[in-house]
S.K.: 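One structure, pasted below without further comment.
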Amino acid sequence: MTHTAKEVVAFVKDNDVKFIRLTFCDLFGVQKNIAIMAEELEGAFKNGVSFDAHAIKGFKDVTDSDLLLYPDPVTLSLLPWRPGPGRVARFYCDIKNPDGSVFLLGGRSLLKKVLARADKMGYACKVGAECEFYLFKLSAEGEPAMIPFDKGGYLDMAPLDKGENMRREICLTLAEMSINPETSHHEQGPGQNEIVFKFGDALEAADNLQTFKTVVKAIAERNGLFASFMPKPILDAAGSGLHINLSLSQNGRNIFKSAASGEHSEIADSFIAGILSKIQEITLFLNPIANSYERLGRFEAPKFVSWSHHNRSQLIRIPAASGEKVRMELRSPDPSVNPYIALALIISAGLDGIEKKTQLPPPVNADLFTADASLTKALKKLPATLQEAIQFAQNSKFVKEVTGENLLHRYLNIKKIEAEEFAAAKDKAEFYKSKYFHVY
C-alpha cells in the first residue's frame with residue numbers, strides 16, 4: 001500500500017466507518033458501485049475487488065468477464081446523508097484487468113492518459129462545471145412523475161422558486177464533501193435549477209460532477225422529490241446543459257488570463273481553435289442520447305460552431321471574468337455525458353490545436369438565435385440528431401486515436417442500436433420517458 005492508502009485505512013478505523021462504496025461508471029457515465037465492509041479496504045487497495053464486467057453496459061463479453069476495482073485513496077469522502085453509527089465512505093475507482101493492465105473503457109484511466117499528455121507538453125487543465133437539473137414531484141405510488149416541483153423562472157425567488165431550500169441543502173452537503181459551490185439559482189424552466197461549483201483539476205472535476213449528481217438525487221429523494229439530469233425532460237421548456245469552463249496554465253500562469261480584455265495568447269487561441277475544429281466529431285460523447293438533440297439550438301443552447309466574448313448564443317464564449325477565473329466556456333455538453341470521456345476528448349482536441357498551431361477564426365459577434373441566414377449559412381452546424389453525431393464520430397480518425405478502437409467500437413455499436421430504436425418509435429416523448437427519464 002502507498003503511504004496515502006495507509007493513512008486512509010487508519011482514518012476509516014478512527015472514524016467509525018463500517019461500509020465502503022467502491023464507485024465507478026459504465027461506458028456511458030451511469031454510476032455503479034460495490035459495497036464492502038471497512039475491514040476489507042486494505043485488501044482492496046492491494047488486490048482490487050472483482051466484479052462481473054459482462055453485466056456492465058459496454059464493458060466485456062461473457063467469455064472474459066472479470067475486472068477489478070482499485071479504490072483511489074485521494075477520493076475518500078464520507079457520505080453526509082449516511083451518518084453514524086456505522087458511517088459510509090465512498091471512493092472512486094480505477095479499473096484493471098486481471099493481469100494488472102489498465103482497463104480504459106470506464107473512462108477515468110483514459111482521462112488520466114490525456115492529462116499526462118498535457119503535463120508532458122507543459123500544461124495543466126482547470127475545469128469548472130455549471131450543471132442544470134430539474135426537480136419533479138413523485139406520484140401517489142412514490143414513482144417519479146413529470147410534474148415540475150414549481151413554476152419558477154430564471155433567478156426567481158420564493159414563493160415562485162420552491163427549490164431554494166433544496167439547493168441550500170445540496171450546497172451544504174457538497175461543502176461537507178470538500179466540493180465548494182460558488183453559485184446556485186433557479187433556472188429558466190419550471191422546477192429547473194443550477195449549481196456551479198469551483199474549478200479544479202480535470203480529473204477532480206469529473207469525479208466531483210459524479211458526486212454532484214449523487215448528492216442532488218439523494219437530497220431530492222430525502223425531500224420526496226425526483227431529480228432529473230435528462231437533457232430535455234420537458235420538450236417545450238429549457239433543456240439542461242452542462243457548461244464546461246476550462247482554462248489552461250503554463251508554469252503556473254493562466255494563459256487565458258488576458259482573454260477577458262480581448263487580448264489572447266496564441267496558445268489559448270489554438271487551444272480554442274482545436275476544440276472548434278473537432279467539435280462535430282466529438283459531439284456524440286458530449287450529447288450522447290437521442291433526447292440531447294431536442295436541446296441544441298433552443299433556449300440558449302448552441303447550434304452553430306462559433307465563438308465570441310460574453311455571447312451566450314455561441315458554442316464557445318469567453319465570459320466576463322478577471323484573474324484566475326478567466327477561461328473559455330463550452331456550452332454544448334449536457335449532463336448525460338460520461339464526464340471522463342467527454343473531458344478527455346475536449347482537452348485532446350485543444351492540445352491538438354496547440355500542437356498544430358490551428359488558427360482561431362474571427363469571433364461571431366451576433367445573436368445566432370435571431371441572426372439572418374446570410375450570416376449563419378457560412379457557419380458549420382453541430383449534429384442535429386443522434387444518428388448524425390454517430391456518423392461524425394464513426395468517420396473520425398481523431399476520436400479513434402484518443403479513445404482507442406475498442407472503446408469507440410463498443411460505444412458506436414450500442415449507440416447505433418439506440419438510434420435505430422428511436423427512429424422506430426412512434427411516440428418520441430414516450431421513448432424519452434421510458435428510455436432516459438429514470439436513468440438520468
Side-chain angles (χ1 to χ4, degrees), residues 25-32 56-59 105-107 129 131-134 136 144 146 189 192 206 209-210 212-213 216-217 226-244 279-299 301-303 330-346 382-394 399 403 407-408 410-440:
C25 66
D26 68 13
L27 187 58
F28 304 96
V30 177
Q31 296 192 73
K32 307 289 182 179
I56 304 299
K57 191 175 181 181
F59 268 20
L105 271 66
C131 193
E132 297 167 340
F133 60 94
Y134 272 85
F136 291 99
M146 282 189 160
Q192 189 184 31
L209 179 61
Q210 298 294 72
F212 173 75
K213 290 182 178 180
V216 170
K217 285 187 173 289
F226 175 74
S228 174
F229 290 94
M230 185 171 153
K232 191 82 166 179
I234 304 174
L235 292 181
D236 59 354
S240 290
L242 172 64
H243 300 159
I244 302 294
I279 194 67
Q280 292 173 312
E281 299 167 43
I282 67 176
T283 290
L284 176 63
F285 299 88
L286 309 186
N287 307 99
I289 64 177
N291 179 255
S292 297
Y293 298 88
E294 297 286 354
R295 169 182 163 263
L296 295 177
R298 303 174 180 90
F299 291 95
K303 178 180 180 180
L330 180 64
R331 295 177 60 80
S332 62
D334 66 58
S336 65
V337 299
N338 179 323
Y340 305 101
I341 297 176
L343 286 178
L345 286 163
I346 293 166
L382 294 172
T385 64
L386 178 62
Q387 183 59 49
E388 190 177 341
I390 289 170
Q391 291 300 318
F392 274 111
Q394 184 172 259
V399 171
T403 64
L407 188 155
L408 181 59
R410 287 178 178 270
Y411 199 100
L412 285 173
N413 280 353
I414 291 172
K415 286 299 164 183
K416 285 177 181 177
I417 293 171
E418 186 176 325
E420 289 171 0
E421 291 173 346
F422 177 64
K426 295 180 180 179
D427 187 333
K428 306 302 184 186
E430 182 56 36
F431 179 89
Y432 294 148
K433 183 178 179 181
S434 62
K435 183 82 172 178
Y436 304 128
F437 186 55
H438 292 76
V439 177
Y440 296 101

S.K.: When you measure from the side chain of K303 to the backbone of L382, do you find a donor-acceptor pair of N or O atoms at a distance under 3.5 Å?
M.R.: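 Side chain of K303 to backbone of L382: no pair is present.
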S.K.: Distance from R410 atom CZ to L105 atom CG, nearest 0.5 Å?
M.R.: 6.0 Å
S.K.: Taking the six-membered ring for Trp, are the ring centroids of F133 and F229 within less than 6.0 Å of each other?
M.R.: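 Yes; F229 has its ring centre under 6.0 Å from that of F133.
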S.K.: Which value, rounded to the nearest 0.5 Å, describes the distance between L412 atom CG and Q391 atom CD?
M.R.: 9.0 Å
S.K.: Could you tell me which non-hydrogen atom of P335 sits nearest to which non-hydrogen atom of L242, and how far apart they are?
M.R.: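 The pair with the smallest heavy-atom distance is N-CB, 3.8 Å.
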S.K.: Compare every heavy atom of A227 with every heavy atom of V216, then report the nearest pair and how far apart it is.
M.R.: CG1-CB, 3.5 Å
S.K.: Can you tell me how far CD of E388 sits from OH of Y293, rounded to the nearest 0.5 angstrom?
M.R.: 8.5 Å
S.K.: Looking at F437, F136, Y134, which one forms a ring-ring contact (aromatic ring centres under 6.0 Å, His included) with F226?
M.R.: F437
S.K.: With distance as the sole test, does Q210 use its side chain to make a donor-acceptor pair with the main-chain N or O of Q31 at under 3.5 Å?
M.R.: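 No, the answer is negative, given that no donor and acceptor are paired below the 3.5 Å cut-off.
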S.K.: Contact between T283 and S332 at the side-chain level, heavy atoms closer than 4.5 Å - yes or no?
M.R.: no
S.K.: Can a side-chain donor-acceptor contact be found between E294 and Y432 if the only test is distance below 3.5 angstrom?
M.R.: yes
S.K.: Just how far is it from atom CG of N291 to atom OG of S240, taken to the nearest 0.5 Å?
M.R.: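 Between N291 CG and S240 OG, I get 9.5 Å after rounding to 0.5 Å.
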S.K.: For A206 and L343, which heavy atoms make the closest approach, and how far apart are they?
M.R.: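 Minimum heavy-atom separation between A206 and L343: CB-CD1, 4.1 Å.
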S.K.: Could you state the interatomic distance from OH (Y436) to CE (M230), rounded to the nearest 0.5 Å?
M.R.: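 The OH atom of Y436 sits 8.0 Å away from the CE atom of M230.
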S.K.: Any donor-acceptor pair under 3.5 Å linking the side chain of D26 with the backbone of K32?
M.R.: no
S.K.: In the structure I gave you, are the side-chain heavy atoms of F285 and L408 within less than 4.5 Å of one another anywhere?
M.R.: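 A side-chain contact under 4.5 Å exists here.
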S.K.: Ignoring hydrogens, what is the shortest heavy-atom contact between C25 and F59? Give both atom names and the distance.
M.R.: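 Nearest heavy atoms, C25 then F59: O-CZ, 3.5 Å.
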S.K.: Is there side-chain contact between L286 and I346, with heavy atoms separated by less than 4.5 Å?
M.R.: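 Yes, at least one pair of side-chain atoms sits under 4.5 Å.
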S.K.: Decide yes or no for P288 and Y411: does some side-chain heavy atom of the first lie under 4.5 Å from some side-chain heavy atom of the second?
M.R.: yes
S.K.: State, to 0.1 Å, how close R295 and D334 come at their nearest heavy-atom pair, and which atoms those are.
M.R.: NH1-CB, 4.0 Å
S.K.: Ignoring hydrogens and angles, tell me if any N or O in the side chain of Q192 forms a donor-acceptor pair with the backbone of G239 under 3.5 Å.
M.R.: yes
S.K.: P383 and L296: which non-hydrogen atoms are nearest, and at how many Å?
M.R.: O-CD1, 4.1 Å
S.K.: Is it the case that over 12 heavy atoms from other parts of the model lie below 6.0 angstrom from the NZ atom of K217?
M.R.: yes
S.K.: Using a 6.0 Å distance limit plus a 45 degree cone around the ring axis, check whether K57 lies over the aromatic ring of F28.
M.R.: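 Yes, cation above the ring, under 6.0 Å and within 45°.
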S.K.: Determine whether more than 12 heavy atoms belonging to other residues, nucleotides or ligands lie under 6.0 Å from atom NZ of K433.
M.R.: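 Counting neighbours around NZ of K433, 12 or fewer heavy atoms of other residues, nucleotides or ligands fall under 6.0 Å, so no.
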S.K.: Salt bridge (Lys or Arg N to Asp or Glu O under 4.0 Å) between E418 and K415: does it pass, once the steps are laid out?
M.R.: CA-CA 5 Å; E418 186 176 325; K415 286 299 164 183; 2.9 Å; yes
S.K.: Please round to the nearest 0.5 Å and tell me the distance separating atom OG of S336 and atom NZ of K232.
M.R.: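 Reported value, rounded in 0.5 Å steps: 13.5 Å.
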S.K.: For R298 and A237, indicate whether the former's side chain and the latter's backbone hold a donor-acceptor pair under 3.5 Å.
M.R.: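 Such a contact is absent between R298 side chain and A237 backbone.
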S.K.: Determine the sole option in L284, N287, I289 for which the side chain to side chain contact (heavy atoms under 4.5 Å, CB included) test with L386 is passed.
M.R.: L284
S.K.: Measure the shortest side-chain to side-chain distance between L27 and I56 over non-hydrogen atoms and say whether it is less than 4.5 angstrom.
M.R.: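 No, every pair of side-chain atoms sits at 4.5 Å or beyond.
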